[in-house]
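Sequence lines set the chain letters: A, B, ... in the order given, protein chains first and strands last, and positions in each chain run from 1.
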There are 2 protein chains.
Amino acid sequence: MRLSTKGRYAVTAMLDLALHSGNGPVTLADVSVNQGISLSYLEQLFAALRNKKLVRGVRGPGGGYYLGKPASEISIADIICAVDEWVEFTRCGGRENCRDGQRCLTHHLWDQLSDEIFRFLSDITLQDLVDRGRSRPGSPTIEVGDLEDRAKRRAA
Amino acid sequence: MRLSTKGRYAVTAMLDLALHSGNGPVTLADVSVNQGISLSYLEQLFAALRNKKLVRGVRGPGGGYYLGKPASEISIADIICAVDEWVEFTRCGGRENCRDGQRCLTHHLWDQLSDEIFRFLSDITLQDLVDRGRSRPGSPTIEVGDLEDRAKRRAA
DNA sequence: CCTTGTCCCAAGTAAAATAGTCAACAATCT
DNA sequence: AGATTGTTGACTATTTTACTTGGGACAAGG
């Protein structure tokens, strides 16, 4: 799992798409203005998102992008994985013999943690974020912590 | 929150330190060999960790590094924040007027998610990882999911 | 004291990732 | 046809990563 600014751009852009869905497709130019991301950089990100079927492009006037699936079926992990290449971190890829065994333990523990983070982000969908914002439109502060409960229930 | 390979190096190194604690201080040279990280890069990472009091160095022959605090008081978020500068992502920093209000909503939602991730990583300590490895030393696969329960209890 | 082992510090650097620009082309609508 | 938008690819400046080099500072053992 990797969480860089690139992933943030992608999540933010997808969130923008989800929020504006219903008014027809959303142009990258709009997202660019709304979120302050350069148009051509968005194009690169959306090329990756398109490959993973997370968005669907419509050409021509009145065109733009739709979400490729319902927002409730797109997780944050999906988005981040689409734009950030998944790089295996541990050097001994399971099959290789580790020098002292201790090394493997450390790496295994890291893998565990990495899995944990991945699961956590897999349990949060775009729809979760949209719902959270819509439910209390005027409220300046929104309570966090409910997402965790939701993820917990889904896991159970 | 930012989760790069740099942060992974730091977490892995700290994990190595936690696992070898008890046999006196651990040298960076050992960590370098065990984890396959270059010595001078480790020195840079540990300089940051030292500034945040997460490790304590002992000079001279027989010297090395100790954890600065008990492993149970060092969270994964602590480690990552020490080596990866925290960069604020959203452009409108709360006080600034957003152009259309919608922008603020998107950014707010992202902030929420970012907080959520940070809390999640704050609830996992080095000790948690060490315990998880020690409890089933011979087992090839270790069940994940318990860490979430533990974090849940701590939050309650 | 002197040597050795370690931490500590600073500067530089090659490779990669980030965050763009620019230009051309393809599909669609009016 | 012409305007609008997606699609693709090549190119570039900046930053970050991961590492190198080369030295010190400081403590223990002889």
Who passes side-chain hydrogen bond (donor to acceptor under 3.5 Å, both in side chains) against A:Ser32, sequence neighbours left out?
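In terms of side-chain hydrogen bond (donor to acceptor under 3.5 Å, both in side chains), with neighbours along the sequence ignored, A:Ser32 is linked to no residue.
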State which residues pass side-chain hydrogen bond (donor to acceptor under 3.5 Å, both in side chains) with A:Ser114; sequence neighbours excluded, sorted by chain then number.
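Listed in chain order: nothing, the list is empty.
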Results of side-chain contact (heavy atoms from CB on, under 4.5 Å) for A:Ala77 - residues two or more places apart only:
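If we apply the side-chain contact (heavy atoms from CB on, under 4.5 Å) test to A:Ala77, skipping adjacent residues, the hits are A:Ser75, A:Phe118, A:Leu121, A:Ser122.
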Set of residues satisfying side-chain contact (heavy atoms from CB on, under 4.5 Å) with respect to A:Glu73, sequence neighbours excluded
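Partners of A:Glu73 by the side-chain contact (heavy atoms from CB on, under 4.5 Å) criterion, ordered by chain and then number, come out as A:Lys69, A:Pro70.
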Quick one: does B:Ile76's side chain get under 4.5 Å of B:Met14's, heavy atoms only?
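SC-SC contact between B:Ile76 and B:Met14 ruled out.
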Looking at [X], I'd like to know whether one of its side-chain N or O atoms comes within less than 4.0 Å of OP1 or OP2 on [N].
{"X": "A:Tyr9", "N": "C:dG20", "value": "yes"}
{"X": "B:Tyr41", "N": "D:dA18", "value": "yes"}
{"X": "B:Ser4", "N": "D:dT16", "value": "no"}
{"X": "B:Thr5", "N": "D:dA18", "value": "yes"}

What is the separation between atom [atom1] on [X] and atom [atom2] on [N], rounded to the nearest whole Å?
{"X": "B:Leu17", "N": "C:dC7", "atom1": "CG", "atom2": "P", "value": "10 Å"}
{"X": "B:Asp84", "N": "D:dT15", "atom1": "CG", "atom2": "P", "value": "17 Å"}
{"X": "B:Ile80", "N": "D:dT17", "atom1": "CD1", "atom2": "P", "value": "12 Å"}
{"X": "B:Leu42", "N": "C:dC7", "atom1": "CG", "atom2": "P", "value": "10 Å"}
{"X": "A:Leu45", "N": "D:dT7", "atom1": "CG", "atom2": "P", "value": "14 Å"}
{"X": "A:Leu28", "N": "C:dT21", "atom1": "CG", "atom2": "C1'", "value": "16 Å"}
{"X": "A:Tyr66", "N": "D:dG6", "atom1": "OH", "atom2": "P", "value": "12 Å"}
{"X": "A:Lys6", "N": "D:dT16", "atom1": "NZ", "atom2": "C1'", "value": "14 Å"}

Mapping A:Gly63 and A:Asn51 to their closest nucleotides on DNA chain D, which lands nearer the 5' end?
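Closer to the 5' end of DNA chain D: A:Gly63.
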Cut-off 3.5 Å, side chains only: do A:Asn34 and B:Thr106 have a donor facing an acceptor?
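Per modelled atom types, A:Asn34 and B:Thr106 side chains form no pair under 3.5 Å.
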Interface polar pairs with nucleotides 8-13 of chain C, N/O, under 3.5 angstrom:
unit_1	atom_1	unit_2	atom_2	d
C:dC8	OP2	B:Arg50	NE	2.8
C:dC8	OP2	B:Tyr65	OH	2.4
C:dC8	N4	B:Glu43	OE2	2.9
C:dC9	OP2	B:Arg50	NH1	3.1
C:dC9	N4	B:Glu43	OE1	3.0

Distance-only donor-acceptor pairs under 3.5 Å for side chains of residues 36-57 of chain B, two or more places apart:
unit_1	atom_1	unit_2	atom_2	d
B:Ser38	OG	B:Tyr41	N	3.2
B:Asn51	ND2	B:Ala47	O	3.3

